[in-house]
Each structure stands twice: as structure tokens, then as C-alpha cells.
Amino acid sequence: MSIEFSMVDENRAVLIRIEGHVSEPEIERMRARSSALALESNCSSFIMDLSGLELIEKGDALMVYELGEKFQRSGFPYTARTAVIMPVNPVAREQVEFLHTVEINRGRGVLKYVDDIDQALEWFRSAQGDIE
């Protein structure tokens, strides 16, 4: 498992790259760090590169549901925009779609599936134009 954080687009977006198998505690730590970064950097644009994700919690659907339920308590800003590069692994893709459905139904902010980092950055730029 690997979770890496970096800043992109002249520090206007946080890139979180997740690879391999991830557990509930790892996801909780990643959420806490994401929330802290949003506050520290005043950044509201996040890119989740999940293309290398293999499984969440060994494929446990109930745990994925519970992770979705807990999202709102993570402190992640509702106003943040998250672009998601989906997993290549079809099982991981289904898990991520299910997780996001639960999160959105519980009040998650704006989320969009994209093909790559450039498409995510273009979405952020076009969305910025919407509020100026």
C-alpha cells in the first residue's frame, strides 16, 4: 500500500495518489491529513489518483459502506472539489463507486470522475470561472 501527497498546479491543488491494498485505518489517516491540508493551505481542489488501487479492506463491502458513512465526520470541507482518477482494477472501481455513492448521499461536496491530472486541472479552472 502506498498513499502519497503532493501539490500540483502551482500549489493550487492537492494530489493524493493511492496504490495497492488499503485498510480502514489508512483511509482514516489519509482523510485526516487531507482535511488538515485543506485548512493549512486554504486549498479546495483535490485530485485522487486511484488508478493503482487494488482493493479497499480486502473487498469487504460492509467496511466500504461504513467508510462512506464516516466521511462527513472527517472534517473534509464541503466546499472542496475532488477530481477522481478511477482504479483500473474492476473490483476496486466498483468499491470506489459504492463508497462515493454513500459519501454523496451523506453530504459530500462536489466530485467528478476524470481520466488524468490534466483533465482534473481543467475542471478546476473552469469551475473557478463559474464563481468569479
Side-chain angles (χ1 to χ4, degrees):
M1 179 288 308
S2 168
I3 299 177
E4 298 174 6
F5 287 79
S6 60
M7 298 297 287
V8 294
D9 195 33
E10 299 174 8
N11 295 329
R12 289 185 282 200
V14 176
L15 171 63
I16 305 167
R17 183 168 281 131
I18 301 175
E19 296 179 340
H21 297 255
V22 293
S23 66
E24 185 267 341
E26 291 164 334
I27 290 174
E28 292 294 341
R29 285 191 298 273
M30 181 269 305
R31 286 176 173 175
R33 183 153 183 222
S34 298
S35 297
L37 278 172
L39 289 173
E40 291 167 14
S41 67
N42 199 27
C43 183
S44 62
S45 299
F46 288 79
I47 303 169
M48 298 286 303
D49 181 353
L50 305 177
S51 57
L53 178 68
E54 292 298 321
L55 279 179
I56 301 170
E57 275 297 329
K58 300 177 186 168
D60 184 340
L62 181 57
M63 183 56 73
V64 171
Y65 175 81
E66 290 174 2
L67 281 166
E69 283 275 308
K70 293 178 184 177
F71 181 81
Q72 200 171 30
R73 293 180 292 219
S74 71
F76 192 75
Y78 180 76
T79 56
R81 294 181 182 270
T82 306
V84 180
I85 302 168
M86 292 296 280
V88 174
N89 179 303
V91 175
R93 179 180 284 267
E94 283 183 22
Q95 286 186 295
V96 169
E97 289 171 345
F98 178 53
L99 176 68
H100 289 154
T101 298
V102 175
E103 290 176 356
I104 290 166
N105 288 336
R106 305 303 180 275
R108 187 188 210 298
V110 179
L111 182 137
K112 180 176 178 145
Y113 297 140
V114 297
D115 294 327
D116 54 36
I117 292 171
D118 289 335
Q119 191 177 33
L121 295 174
E122 181 58 36
W123 176 55
F124 296 147
R125 287 185 201 108
S126 68
Q128 185 66 27
D130 292 344
I131 57 175
E132 291 181 336

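Counting only heavy atoms from C-beta outward, the side chains of Glu24 and Lys70 approach each other to under 4.5 Å. Val84 is not listed as a side-chain neighbour of Lys112, based on a closest heavy-atom distance of 4.5 Å or more. Side-chain contact between Met48 and His100: absent, with no pair of heavy atoms (C-beta onward) separated by less than 4.5 Å. Proximity of Arg33 to Ile3: side-chain heavy atoms (C-beta onward) are nowhere separated by under 4.5 Å. Side-chain contact between Ile56 and Phe98: absent, with no pair of heavy atoms (C-beta onward) separated by less than 4.5 Å.
Put simply, the side chain of Asp9 never gets that close to the backbone of Arg12: no donor and acceptor are under 3.5 Å apart. In this structure, the side chain of Ser44 does not engage the main chain of Thr79 through any donor-acceptor pair within 3.5 Å. Under the 3.5 Å distance criterion, the side-chain polar atoms of Glu54 are left unmatched by any main-chain donor or acceptor of His21. No donor-acceptor pair closer than 3.5 Å links the side chain of Glu57 to the backbone N or O of Met63. The backbone N or O of Arg106 lies less than 3.5 Å from a partner atom in the side chain of Gln72, making a donor-acceptor pair.
With a 6.0 Å radius and a threshold of 12 heavy atoms from other residues, nucleotides or ligands, Glu97 has its CD atom above the threshold.
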Kindly indicate, with the supporting measurements, whether the criterion side chain to side chain contact (heavy atoms under 4.5 Å, CB included) is fulfilled by Arg108 and Leu99.
CA-CA 11 Å; Arg108 187 188 210 298; Leu99 176 68; over 6 Å; no
